[in-house]
Amino acid sequence: MNYPDMRLLQLLARTFPNSESASTEIINLEAILSLPKGTEHFVADIHGEHEAFLHILRNASGNIKRKVHDLFDESLPEQEMRDLCTLIYYPEKRLEMIEEGTDEDLSGFYARTLLQLIQVCQSVSSKYTRSKVRKALPKQFAYIIEELLHESPNDEDKDAYVQRIVETIVQIGQARNFIVAICNVIHKLSIDQLHILGDIFDRGPGAHIIMDYLLTRDNFDLQWGNHDALWMGAAAGQDACIAIVLRLSLRFANLATLEEGYGINLLPLATFAMDTYADDPCLQFQPIGTLAEVKGDEKRMRLIAQMHKAISVIQFKLEGQLINAHPEWNIDRRGTLENIDLSRGTYRFEEKDYPLLDTHFPTLDPSDPYRLTAEEQDLMKRLHHSFRISEKLQKHVRLLFSHGSMYLVCNSNLLFHASVPLNADGSLRQVEIDGKTYQGRELMQQIEFKMRTAYPSSIGGSRKGAVRDFFWYLWCGPDSPLFDKNRMATFERYFLAEPATHHEEKGAYYQLRENPAVCSRILQHFGVLPLTGELEGVCPHIINGHVPVHASQGENPVKADGMLMVIDGGFSKSYHHTTGIAGYTLVYHSRGFELIQHEPFTSTAEAVASGTDIKSSKQIVEMMGRRIRVRDTDKGRQIQEQIKELRSLLHAYRHGIIKENTKK
């Protein structure tokens, strides 16, 4: 028999010191291979909509509701099933409401609810090993919950045993804690792996809440989007990124993330804006999608508009400095401020002059348009300091790095946020970074390396600053895989009325992604393997977001004969009027793919009080001929390699090549 590296076998022998322990592990791993694969959920472009996002995770994209109906459709009325679902989604808040709303003894309610929750938990845990379920249990209640999960209350021989456990839980005043614990286990086991395909930040008010939630979760990964890269750059201290983060927050009147979430001090910006733009109506800078708490407050609305304009002008100056400092980026259409003719009130765009909607630029020096005034420099110094010392922001960005990447290949699916830069003929585009050219997978890998180098960076001096500048390029660079448009028309959208000046030409990827041959070449280039065994021949997929799917106009999120799925359905409220929906979840379970289309979510408060749920509709994307087992997945391939190594260890024990330790 050919043995693997003897050092590997000797290391394995430390964990499995004799043939009995090695044999037991082989049996365990072989059994795991036969289990159905865990359920993967894919979401993209959350954009700070924390309530809708967290609700979808709590209801597992409608799967928990379906399981409740499967279990209790013949024994519970519709209202009680709805109440049970709401309790599962929000156990603490729902229990508090129930307890405050009655003076009656709730012992019977607690006992019934515990038995119902045990059945739901048994259903969602059925595809997992006891070991995996045990790891999901809270330590303080693990033994009792495990006993309840593996004993059926419908078995007459065990009925009294289960009933007595439940009664005792209620009698000793632990029912509330057990209900919350079991609901949390249901949440954990309903989604085996969560994939977030970029753009957690901006627009909505709760990106920091989403990140706090992710800190508590184990099985998830992130593929960075351009909005994420923007915040990573801001946290690293890149001033243009800081200015854009502030501008976007003010544009959507979303100050909660900055002030409440990350403790960013906006007082210096407010003071500067009130002084500099005191007599300016700032009409082009009124916030859009204004939050309820800001509506009607004219004084606050005016201040936000002034701050919005102040930081926008600073952004344009900082961007002009970056363009001049980095000619290698070939950004030749974003030189904005030098195209302003204040004497005529016009702006030159592609050899044509257009009237400006706003001509008040008190900090602009036409002879040196990208120079910050002394006051602007002082303001940026203060803002820079505030971003760099924000402990929570830095913690969240470290999470983006620890769980994130530019792309991921998982279970025959290629995941990335936006695009793979292509030429017009469908070939991979060569992109220059630091004097060398890269394409496709190598381009993604080099970009990721450069981002990780910049935060935190051991490189000192000007080189460190140059690396940080690359975060801004990823936000809006023409060959950035996170953006992939010829330009970002931010200035023109603010200051020019002509729609033609607002146009942003998408890269070739967006024109060619409907082509199955192009998608096939991309998958092959990234080494994406099709499913094996009995499912051999089932095609792999590309999954991405970034560009909202206009479902209301009949656009299909499934493209290229099913090879590509675009799952940006518009979580952000600002997109609802264009997409016609409020987000997608792509669910990949043991029988295939389902695309769940969500309608707008009201609020967590209404969901708890009234039992309202997100209305979702299901689209079958692809069903397999048989259930997908763990054996067919990436994890399964790893387990098969482990089994192979353990069999070698077992053979080595039996032939005396490695001595057994029978005392352990």
Side-chain angles (χ1 to χ4, degrees), residues 44-45 47 197-199 201-202 222-233 240-241 244 248 319 322-323 326 328-334 404-408 414-433 437-448 450-451 469-490 492-493 502-515 518-519 521-523 525-526 542-550 555 557 559-560 563-568 570 575:
D45 301 270
H47 284 303
L197 278 74
D199 281 1
F201 288 88
D202 293 325
L222 300 153
Q223 291 72 57
W224 302 317
N226 58 325
H227 286 265
D228 305 317
L230 183 67
W231 278 78
M232 293 158 84
C241 292
I244 300 168
L248 289 172
E319 288 179 326
L322 285 172
I323 292 167
H326 296 281
E328 72 277 9
W329 290 344
N330 297 315
I331 303 178
D332 58 0
R333 297 185 63 185
R334 297 211 50 201
S405 59
M406 282 294 295
Y407 75 95
L408 178 70
L414 172 60
L415 283 55
F416 54 85
H417 173 66
S419 83
V420 175
L422 301 176
N423 296 312
D425 63 358
S427 60
L428 294 169
R429 185 174 179 83
Q430 294 278 354
V431 177
E432 181 178 326
I433 298 178
T437 58
Y438 305 89
Q439 61 180 2
R441 179 175 59 183
E442 292 73 24
L443 173 63
M444 297 283 207
Q445 292 170 342
Q446 183 61 25
I447 287 173
E448 181 170 334
K450 196 172 176 72
M451 293 172 73
D469 291 348
F470 195 69
F471 283 111
W472 176 80
Y473 178 82
L474 291 174
W475 159 250
C476 62
D479 287 327
S480 165
L482 303 184
F483 182 64
D484 198 6
K485 297 179 184 179
N486 68 330
R487 69 191 186 102
M488 188 175 283
T490 306
E492 290 80 5
R493 291 179 186 275
H502 304 169
H503 180 67
E504 299 169 351
E505 186 70 28
K506 295 185 180 72
Y509 173 81
Y510 300 104
Q511 321 304 323
L512 299 172
R513 64 182 181 175
E514 300 268 8
N515 188 327
V518 171
C519 291
R521 286 199 296 271
I522 291 173
L523 287 163
H525 171 78
F526 277 84
I542 296 171
I543 306 172
N544 57 242
H546 186 59
V547 179
V549 175
H550 293 77
E555 183 181 357
K559 305 177 186 298
M563 297 182 68
L564 184 144
M565 290 174 271
V566 182
I567 60 169
D568 180 3
Y575 282 141

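Values below: every heavy atom of this structure, side chains too, minus hydrogens, waters and symmetry copies.
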Inset, instruction - Under the ring-ring contact (aromatic ring centres under 6.0 Å, His included) rule, collect the residues that match up with Phe470, sequence neighbours excluded. - result: Tyr473
Inset, instruction - Quick one: pull up CD1 in Ile542 and OH in Tyr407 and give me the separation to the nearest 0.5 Å. - result: 13.0 Å
Legend entry - Asp479 backbone acceptor or donor facing Asp484 side chain under 3.5 Å: no
Legend entry - Any residue meeting side-chain hydrogen bond (donor to acceptor under 3.5 Å, both in side chains) with Gln430, in chain and number order, not counting sequence neighbours: Thr437, Gln439
Legend entry - With Glu328 via side-chain hydrogen bond (donor to acceptor under 3.5 Å, both in side chains) - residues at least two apart: His326
Legend entry - Trp224 vs Leu474 side-chain heavy atoms within contact, under 4.5 Å: no
Inset, instruction - Applying ring-ring contact (aromatic ring centres under 6.0 Å, His included), name anything that partners Tyr438, two or more places apart in sequence or on another chain. - result: none
Inset, instruction - Calculate, to the nearest 0.5 Å, the distance between atoms CE and CD belonging to Met406 and Glu448 respectively. - result: 7.5 Å
Legend entry - Pairing residues for Glu505 by the salt bridge (Lys or Arg N to Asp or Glu O under 4.0 Å) criterion, not counting sequence neighbours: none
Legend entry - Contact check, side chains of His227 and Leu248, non-hydrogen atoms, under 4.5 Å: yes
Inset, instruction - Check whether any side-chain heavy atom of Glu319 sits under 4.5 Å from a side-chain heavy atom of Thr490, and report yes or no. - result: no
Legend entry - Those residues that, when tested against Glu442, pass salt bridge (Lys or Arg N to Asp or Glu O under 4.0 Å) (two or more places apart): none
Inset, instruction - Return the set of residues passing salt bridge (Lys or Arg N to Asp or Glu O under 4.0 Å) with Lys559 (not counting sequence neighbours), or none when no residue passes. - result: Glu514, Glu555
Legend entry - Residues which pass side-chain hydrogen bond (donor to acceptor under 3.5 Å, both in side chains) with Asn544, listed by chain and number, not counting sequence neighbours: Tyr509
Inset, instruction - Kindly write out the residues that satisfy side-chain contact (heavy atoms from CB on, under 4.5 Å) with Leu408, not counting sequence neighbours, or none if the list is empty. - result: His195, Asp221, Gln223, Ser405, Cys410, Leu415
Legend entry - Partner residues of Arg521 under the salt bridge (Lys or Arg N to Asp or Glu O under 4.0 Å) criterion, sequence neighbours left out: none
Inset, instruction - Could you tell me which residues satisfy side-chain contact (heavy atoms from CB on, under 4.5 Å) with Ala418, sequence neighbours excluded, listed by chain and number? - result: Tyr510, His546
Inset, instruction - Sequence neighbours left out, what passes side-chain hydrogen bond (donor to acceptor under 3.5 Å, both in side chains) with Trp231? Give chain and number order. - result: Asp202
